[in-house]
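Following: one structure in structure tokens, then a few remarks.
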There are 2 protein chains.
Amino acid sequence: MKLTSKGRYAVMALVDLARFNNINPVSLRDISLRQGISLDYLEQIFSKLKKNEIVKSIRGTQGGYVLNKNPNDIKLTNIFHAVDEKVKTVQCKKESKKGCNGKATKCITHNLWDELEIHINTFFENKSLKDLLNNNKETRV
Amino acid sequence: MKLTSKGRYAVMALVDLARFNNINPVSLRDISLRQGISLDYLEQIFSKLKKNEIVKSIRGTQGGYVLNKNPNDIKLTNIFHAVDEKVKTVQCKKESKKGCNGKATKCITHNLWDELEIHINTFFENKSLKDLLNNNKETRV
DNA sequence: ACATACCTGACTAAAATGGTCAAGTTTGGA
DNA sequence: TCCAAACTTGACCATTTTAGTCAGGTATGT
């Protein structure tokens, strides 16, 4: 049960972006240098963030990315969803009428995994980018 | 962020085992058939559960496995730990004096991932095998 | 016109996953 | 005594996922 680096990087990059957001667009190159994330990889990530309308892009010299929403309205759920970081605890389809394991009934621990999924997702739904900004001010370098 | 089948199977198998535990040792073959898990794979899993003293084995004909503790004292944490299902949200070592990303300081979102890890682990620490047994009686086949 | 920065898609090495396979050993019962 | 049931151990492997790299673009401010 582990977080992928895509999800982790997306959040790191957005927190970085949010910090400098007020003045000018922030280039991926700057984020790459500050956060130690490969530029090429960041581009993949921001392409998805853009498609999901979490950021806007400004092309050309002095261009970069800008948040497309208020930090308070960007939840971890939104970010993770954008970069395909999903919480998957069960193998079986949720909607399917069929049970798990190809059997007719739900698997013996089905309810447990559902509970776990909800437990984790709740955490993601309740954390916004703004929370992270505030939380980080204390330990700011 | 997903649960591995090793962790999932371990819990399923133990719930199955706990149900029939009172009478006789339960053979992996039976669990395999009932839960639709490969016998060879179950053997790998039970080898680990045994090493962690969650189950006891009884060899020979009519042999099988038995719980080594009260279902109330077997938490999900114990099971997951036994089969190496770990919750990993950060890349960086917890103990290491060095920060994340090879930099001197903690990464910008370090506290967040720690919080998340705690959030998930709390869930695992509070669920015991007994909870699952009770919970399952209702939907029992 | 040129440097900066976004944009896109193909490609890939390495690790993790989810098993299988083979060859035992132990023990109860016929 | 001998066999079959069941545990035991360790090697092996195909597939998928991860975590990127690489090689080209295109747009735009100066």
Side-chain angles (χ1 to χ4, degrees), chain A residues 1-13 17 20 24-33 35-52 54-66 68 80 83-91 100-102, chain B residues 1-10 12-13 17 20 24-52 54-66 68 80 83-91 100-102:
Chain A
M1 172 133 251
K2 67 166 193 272
L3 206 64
T4 68
S5 72
K6 211 158 218 160
R8 223 178 329 110
Y9 287 170
V11 177
M12 286 172 68
L17 176 57
F20 296 88
N24 287 313
V26 181
S27 74
L28 292 190
R29 189 164 173 283
D30 286 353
I31 298 180
S32 165
L33 289 173
Q35 302 302 327
I37 304 169
S38 138
L39 178 59
D40 285 318
Y41 203 27
L42 271 180
E43 276 171 352
Q44 282 184 40
I45 293 169
F46 272 77
S47 159
K48 296 185 183 211
L49 292 175
K50 192 188 167 189
K51 271 186 198 134
N52 284 265
I54 291 170
V55 297
K56 275 186 299 193
S57 70
I58 294 155
R59 303 185 73 152
T61 322
Q62 305 303 320
Y65 285 94
V66 189
N68 197 22
F80 283 162
V83 298
D84 301 312
E85 173 89 53
K86 292 170 225 156
V87 178
K88 284 183 75 174
T89 57
V90 252
Q91 207 72 343
C100 325
N101 303 328
Chain B
M1 172 133 254
K2 67 165 190 275
L3 206 63
T4 67
S5 72
K6 212 158 218 159
R8 224 178 326 110
Y9 287 170
M12 286 171 69
L17 177 57
F20 296 87
N24 287 314
V26 180
S27 75
L28 292 189
R29 191 165 172 282
D30 286 352
I31 297 180
S32 166
L33 289 173
R34 279 196 294 260
Q35 301 302 325
I37 304 169
S38 138
L39 177 59
D40 284 320
Y41 203 29
L42 271 181
E43 277 169 350
Q44 281 185 41
I45 293 169
F46 272 77
S47 159
K48 296 184 182 210
L49 292 175
K50 191 189 166 188
K51 270 186 198 133
N52 284 265
I54 291 170
V55 297
K56 276 186 299 193
S57 70
I58 294 156
R59 303 185 72 154
T61 322
Q62 305 302 320
Y65 285 94
V66 188
N68 198 21
F80 283 162
V83 298
D84 300 313
E85 172 88 54
K86 294 171 222 151
V87 178
K88 286 184 73 174
T89 57
V90 251
Q91 208 72 345
C100 324
N101 304 329

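Residue numbers begin at 1 in each chain, while the letters A, B, ... track the order of the sequences.
Taking atom CG on N24(A) and atom P on dA5(C), their separation rounds to 11 Å, with Å as the unit. Distance K6(B) NZ to dA16(C) P: 13 Å, rounded to the nearest Å. One can place CG of L3(A) at 17 Å from P of dT17(D), the figure rounded to the nearest angstrom. In this structure, the CZ atom of R29(A) is 18 Å from the C1' atom of dC7(C), given to the nearest Å. For the pair K88(B) NZ and dA15(C) C1', the interatomic distance rounds to 11 Å; values are reported in whole Å. Atom OH in Y41(B) sits about 18 Å away from atom P in dA11(D), given to the nearest Å. Rounding to whole angstrom units, NZ of residue K48(B) and P of dT17(C) are separated by 11 Å. The distance between atom CE of M1(A) and atom P of dT18(D), rounded to the nearest whole Å, is 13 Å.
Within the structure, a side-chain polar atom (N or O) of S57(A) is placed less than 4.0 Å from OP1 or OP2 of dC7(C). Considering only side-chain N and O atoms, S5(A) lies under 4.0 angstrom from the phosphate OP1 or OP2 of dA19(D). Within the structure, a side-chain polar atom (N or O) of K50(B) is placed less than 4.0 Å from OP1 or OP2 of dT8(D). Taking 4.0 angstrom as the limit, Y65(B) places none of its side-chain polar atoms (N or O) nearer than this to OP1 or OP2 of dA6(D). Residue Y9(B) places none of its side-chain N or O atoms closer than 4.0 Å to OP1 or OP2 of dG18(C).
Distance check: K2(B) NZ to T4(A) OG1 gives 10.0 Å after rounding to the nearest 0.5 Å. For the atom pair CG of L33(A) and OG of S27(A), the computed distance is 8.0 Å after rounding to the nearest 0.5 Å. Atom CG of L42(B) sits about 9.5 Å away from atom CG of L49(B), to the nearest 0.5 Å.
Donor-acceptor pairing under 3.5 Å, judged by distance alone, is present between the side chain of Q44(B) and the base of dT20(C). The base of dT25(C) sits with one of its N or O atoms less than 3.5 Å from a complementary donor or acceptor on the side chain of R59(B). The base of dC7(C) is paired with the side chain of E43(A) by a donor and an acceptor separated by under 3.5 Å.
Within the nucleic acid shown, V55(B) has no heavy atom closer than 4.0 Å to any nucleic acid atom. No contact: F46(B) has no heavy atom under 4.0 Å from any strand.
Using a 4.5 Å heavy-atom cutoff, the side chains of K56(A) and K50(A) are not in contact. Side chains of K48(B) and D84(B) form a contact here, defined as non-hydrogen atoms less than 4.5 Å apart. Residues F46(B) and L17(B) form a side-chain contact, since some pair of their non-hydrogen atoms from C-beta on lies under 4.5 Å apart.
For T61(A), counting side-chain heavy atoms from C-beta on, the closest listed nucleotide (dT9(D), dC6(C), dT4(C)) is dT4(C). The side chain of T4(B) lies closest to dG18(C), out of dG18(C), dT8(C), dT18(D). Set against dC22(D), dG19(C), dT17(C), the side chain of D40(A) has dC22(D) as its closest nucleotide.
If you find the closest nucleotide of DNA chain D to G60(A) and to K2(B), the one lying nearer the 5' end belongs to K2(B). Residue order along DNA chain D, read from the 5' end via each residue's closest nucleotide, puts L39(A) first among L39(A) and Q62(A).
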